[in-house]
Amino acid sequence: MDRTLLIALASFSAVTLAGCAAMRTGADEAAIRAKAIDAMKTSFKEKGQAKLDRLNQDETQALCSQYAGKELPKDVAATIEKSNLASIRYPQDGKLVGDWKRGERIAQDGRGFQYSDDPKGPVGANCYACHQLTKQEISFGTMGPSLYNFGKLRGYTDEMRRYAWGKVYNSQAYSACTNMPRFGHAKILNEQQMRDVVALLMDPASPVNQ
Amino acid sequence: MITMLRAALAATAVALGGMLASPATYAQAGSAADEIEKYRQALQDGNPAELWEARGEDLWKKPGGPKNASLERCDLGRGPGVVKGAYAELPKFFADAGRVMDLETRLVWCRVNLQGMTEADARRSPFGSPERKSDNEALTAWITSESKGVAMAVSLDHPKMREAYDVGRAIFFFRGGPHDFACSTCHSEDGKRIRLQDLPNLTVKSGAQRGYTTWPAYRVSQGELRTFQWRLNDCFRQQRFPEIEFGSPASIALTTFLAYNANGAPFAAPAIKR
């Protein structure tokens, strides 16, 4: 067998595993997604705070599922970012930066929203699950980039504080279909918690910036 | 001997739990993962899963249920009573039931149809605790152990299997809930971890092979043998979804997707995990 053919075969089988579906038509795929949603509707039961309405997708979730495992078309990405950007609310009093010490506790805390969690709280954001933030905490995940020295490197400017707020409030406003939750938009964090987490990133005294 | 093993394991579990909770005592993130790997290796010779396997073999052979029948005539896909290698071909379409089944749902079916149990009784407490043993866990431990070393060979030739695979794939990528999570959020990139826990990329062959063929597993942290249905249940909990029902269509579709992706790899469970 000639070499090019071998290479073609090898890459073909690599693709088949990840995406047999990629070779289907759009209509087939939509039918499969509809079947998947039907199967899910009969497969879950509500438990604790996790009700069945959690299976209802909003437009962003539906589009990100539809294009998962493939390249996201530019116009779809733009639609997602636009509607998510429009959802961001800044605090009435204009105060974006709270207490980094409380922010650190929120970043450490993975509790909240699982059916095994107390619905009365407390709720954290578990930023460390995905990000390096400080030098002290070495138990951090790598799903997101390191945020160590975030404020120090980006500059302690108003613009950057607004970006940090917006990113934590609704991550999809800046990168469609990111794996990062939309903490403000989904009401995972309240306004004061948002401020405290922004302080963790943006306060020059925060261990993030040491 | 067994009690001693349990005690030693419990001590290790506490040490490990502590290590994960306060890893600052360890010089480097990498070293904690290395330690876990070392201790896994060390325990490989004396996996307490063997206790579940032994109990499962008894349960399989002992007459039980309203019909006082044993499960020895249960057809796991390779003919009535054939256990060797059966798990490596599951899930499968079963003509007698008219649907695709994984091992755990097939066991429910056999307990209902051979032993005369009610569906509700056969489904009760699929996941045990140290106080309340689960027959499902024991039977699954024994039956899967009879496929150790057998290459995974799930077939999608039947159209219902093809459909289960496709549906399972769509569920894998389905994002929802307050955190927008899907299975793919945590399991579709190489070399990622949550905190210090390595996450297998289940969309590529090597990751699916590693993640699938090592279940069921004895969980040191829980002192229990956990099945694949349990694994799915617990990941959906972390995903902030409602609870997936044991043996539900979505659980079987997902299992079909992952098991097929693992094809070719030698089955390596019951394993032992943190």
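Per chain, numbering begins at 1; letters A, B, ... match sequence-line order.
The number of heavy-atom neighbours closer than 6.0 Å to NZ of A:K51, taken from other residues, nucleotides and ligands shown, is above 12.
When heavy atoms are compared at a cutoff of 4.5 Å, A:T178 approaches chain B solely by way of its backbone atoms N, CA, C and O. Using a 4.5 Å cut-off between heavy atoms, B:N233 contacts chain A through both its backbone and its side chain. Neither the backbone nor the side chain of A:D38 comes within contact range of chain B; no heavy atom of the residue lies under 4.5 Å from a heavy atom of that chain. Interface remark: B:F236 contributes side-chain atoms only to the contact with chain A (heavy atom separation under 4.5 Å). Only the side chain of B:E163 comes within less than 4.5 Å of a heavy atom in chain A; its backbone stays farther off. Both the backbone and the side chain of B:T185 come within contact range of chain A, each with at least one heavy atom under 4.5 Å from a heavy atom of that chain. Of the two parts of B:E189, only the side chain, counted from C-beta on, holds a non-hydrogen atom closer than 4.5 Å to a non-hydrogen atom of chain A. Contacts between A:K45 and chain B at a heavy-atom distance below 4.5 Å involve backbone atoms as well as side-chain atoms. A:Q172 touches chain B through its side chain: at least one heavy atom from C-beta onward sits under 4.5 Å away, while N, CA, C and O do not.
Side-chain atoms of A:S65 come within 3.5 Å of backbone atoms of B:R175 as a donor-acceptor pair (strictly under, hydrogens ignored). The main-chain N or O of B:G177 is found under 3.5 Å from a side-chain atom of A:Q61 such that the two form a donor-acceptor pair.
Highest contact tally toward chain B, considering only A:A129, A:C130, A:A39, A:C177, is held by A:A129 [criterion: heavy-atom pairs under 4.5 Å]. Ranked by non-hydrogen atom pairs under 4.5 Å with chain B, the options A:E46, A:R182, A:M180, A:Q132 are led by A:R182. Counting heavy-atom pairs under 4.5 Å between each of B:I244, B:L199, B:I252, B:N263 and chain A puts B:I244 at the top. The most heavy-atom pairs under 4.5 Å with chain A, out of B:A170, B:S248, B:G191, B:G168, come from B:S248. No other option in A:L55, A:D117, A:L52, A:T42 has as many heavy-atom pairs under 4.5 Å with chain B as A:L55. Between chain A and the residues B:P249, B:A250, B:P178, B:G247, the most heavy-atom pairs under 4.5 angstrom are made by B:P178. Comparing B:K192, B:R237, B:Q238 by heavy-atom pairs within less than 4.5 Å of chain A, the highest count is held by B:R237.
With contacts defined as side-chain heavy-atom distances shorter than 4.5 Å, the pair B:P242/A:K47 does not qualify. The closest side-chain heavy-atom distance from A:N179 to B:F181 is not below 4.5 Å. At a threshold of 4.5 Å between non-hydrogen side-chain atoms, the residues A:P181 and B:D180 do not count as touching.
In this structure, A:S43 OG and B:E245 CD are separated by 7.5 Å, a value rounded to the nearest 0.5 Å. To the nearest 0.5 Å, the span separating CD1 on B:I194 from CG on A:N126 amounts to 7.5 Å. One finds the CD1 atom of A:I37 at 9.5 Å from the CD1 atom of B:I171 (value rounded to the nearest 0.5 Å). In this structure, CD on A:E29 lies 7.0 Å from CZ on B:R169, to the nearest 0.5 angstrom.
Between A:I32 and B:V167, the closest heavy-atom pair is CG2-N, 4.1 Å. Taking every heavy atom of both residues into account, B:C186 and A:M143 meet most closely at CA-CE, 4.1 Å. Minimum heavy-atom separation, B:R240 to A:F113: CG-O, 3.3 Å.
A cation-pi arrangement is present between B:R193 and A:F140, with the terminal nitrogen or guanidinium carbon under 6.0 Å from the aromatic centre and inside a 45° cone about the axis.
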Assess the residue pair B:R195 and A:E137 against the criterion (side chain to side chain contact (heavy atoms under 4.5 Å, CB included)); give the C-alpha distance rounded to whole Å, side-chain angles, the decisive distance to 0.1 Å, and a yes or no.
CA-CA 10 Å; B:R195 290 278 181 156; A:E137 181 53 272; 3.9 Å; yes

Could you walk me through whether B:F173 and A:Q66 pass the side chain to side chain contact (heavy atoms under 4.5 Å, CB included) test, one step at a time?
CA-CA 8 Å; B:F173 287 109; A:Q66 180 179 340; over 6 Å; no

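Taking the six-membered ring where the residue is Trp, the centroids of A:Y115 and B:F241 are separated by 6.0 Å or more.
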